[in-house]
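Throughout, a chain's letter reflects where its sequence line sits, starting with A, and its residues are numbered from 1.
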Protein chains: 2
Amino acid sequence: MRNKKTSPLSGVTVLERLRDAGLRPTRQRLALAKILFARGHRHVSAEQLFNEAKSSRVDVSLATVYNALHDFTGKGLLREISIDSSSSYFDTNTGNHHHFYFERSGHLEDIPSEHVNISALPEAPGGAEITRVDVIIRVKA
Amino acid sequence: MRNKKTSPLSGVTVLERLRDAGLRPTRQRLALAKILFARGHRHVSAEQLFNEAKSSRVDVSLATVYNALHDFTGKGLLREISIDSSSSYFDTNTGNHHHFYFERSGHLEDIPSEHVNISALPEAPGGAEITRVDVIIRVKA
DNA sequence: AAGCAGTTTAGAATAGTTCTAATAATAGAT
DNA sequence: ATCTATTATTAGAACTATTCTAAACTGCTT
């Protein structure tokens with residue numbers, strides 16, 4: 001086996017990120033995490049990630065892609081979004097923000113939370129704790 | 001032929017509602033519409049509606065339930081909501097409002113639009129038209 | 001009453017996701 | 001380094017929600 005962990009920047013950082021999250025940095029998880037976190041924030045479906053992995057000659061099964069996405073989500077590295085019941089998206093931006101949803105293309109775009117101002121939020125019934133507030137602006141495009 | 005149009009939203013009114021929407025008031029659509037619109041607003045899944053129909057000895061196929069839900073949605077009698085990628089809900093309240101989503105039970109509850117105040121909505125990219133703005137408040141219950 | 005477009009239906013098909021249980025890899029102790 | 005217990009990966013089967021198919025039926029107009 002070549003390629004120990006001599007990769008420039010991405011390799012090591014991604015590895016630390018997995019370790020810090022308490023996830024074993026396996027070959028597959030590292031490869032997927034690199035694809036996910038290498039560049040800026042993105043929204044991916046399981047199928048998309050699976051295909052990208054294949055294209056970059058990373059050999060992972062679809063089940064592993066699902067496992068990784070859920071593991072990452074469970075540890076707060078990703079956030080799951082279901083806008084359209086046909087499939088889920090995973091957002092690498094786990095901070096507080098909202099979304100434009102382009103109905104025609106099914107594409108998502110982040111809206112920084114400062115750009116949306118919500119006032120007068122109602123109390124949750126029975127004093128239940130609010131997990132989060134999602135604002136989805138659907139646009140016809 | 002009792003029960004002609006004694007209650008505001010039963011029998012005849014439902015029939016008129018379908019006709020006005022340009023939908024043929026078939027036996028099945030009438031029965032489903034009665035279940036949906038008889039009482040106050042509600043959120044139903046296809047499976048739920050199918051079961052309620054069975055319980056009230058209305059003989060409809062699951063395919064017809066799906067057809068009806070989509071036809072009603074297409075004509076503005078219902079509004080589709082996908083919060084959880086596992087299944088869709090149809091809301092008999094088609095007016096402007098938002099939702100509490102109870103994560104544990106998967107239950108939905110309406111929030112009148114007056115109870116949420118959104119200011120500073122961003123422009124849609126490329127001047128695209130905004131179809132609607134959904135606010136989902138997820139609560140841990 | 002007759003014809004036809006619009007509906008319904010059972011069951012097959014599909015899409016996305018999860019499960020199974022066998023195999024392999026990792027972390028930590030030796 | 002090696003051993004071991006634990007955790008991860010995998011192919012393929014299974015599952016769930018939904019859509020499709022194509023044949024039978026119904027409500028509407030004439």
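- Two rings, from B:H97 and B:H99, have their centers less than 6.0 Å apart.
- Scanning for salt bridge (Lys or Arg N to Asp or Glu O under 4.0 Å) contacts around B:D134 gives A:R138, B:R79, B:R132, with sequence neighbours left out.
- As rounded to whole Å, 18 Å separates atom P of C:dA25 from atom CG of A:L15.
- Between A:L23 and A:F72, the closest side-chain pair of non-hydrogen atoms falls below 4.5 Å.
- Between A:F100 and A:F102, the two ring planes are tilted [angle within 30° to 60°].
- For B:E52, the salt bridge (Lys or Arg N to Asp or Glu O under 4.0 Å) partners two or more places apart in sequence, or in a different chain, are B:R42.
- Applying the salt bridge (Lys or Arg N to Asp or Glu O under 4.0 Å) definition to pairs two or more places apart or across chains, those involving residues 61-75 of chain A are A:R29-A:D71.
- Counting to the nearest Å, the P atom of C:dT7 and the CG atom of B:L18 are 11 Å from each other.
- Rounding to whole angstrom units, CG of residue A:L23 and C1' of D:dT7 are separated by 11 Å.
- As rounded to whole Å, 15 Å separates atom C1' of C:dT17 from atom CG of A:L49.
- As rounded to whole Å, 12 Å separates atom P of C:dT18 from atom CG of A:D71.
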For a quick check, with a 4.0 angstrom heavy-atom cut-off, what is the B/S/- contact string for nucleotides 10-24 of chain D, read 5' to 3'? BB-----SBBB----
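- Under the 3.5 Å distance criterion, with hydrogens and angles disregarded, a donor-acceptor pair is assigned to the side chains of B:H43 and B:D110.
- Rounded to whole angstrom, the span from the NZ atom of A:K75 across to the P atom of D:dT7 amounts to 11 Å.
- Partners of A:A63 by side-chain contact (heavy atoms from CB on, under 4.5 Å), not counting sequence neighbours, listed by chain and number: A:S61.
- Overall bending of the helix from C:dA1-D:dT30 to C:dT30-D:dA1, expressed as the angle between end axes built from five pairs apiece, is 30° (10° steps).
- Contact annotation: A:R24 does not reach the phosphate of C:dA25 (side-chain N/O to OP1 or OP2, under 4.0 Å).
- Per the geometry, CZ belonging to A:R19 stands 16 Å off P belonging to D:dT7, to the nearest Å.
- Between the side chains of A:T131 and B:E103, at least one donor N or O sits under 3.5 Å from an acceptor N or O.
- Atom P of nucleotide C:dA15 and atom CD of A:Q48 are separated by 17 Å, given to the nearest angstrom.
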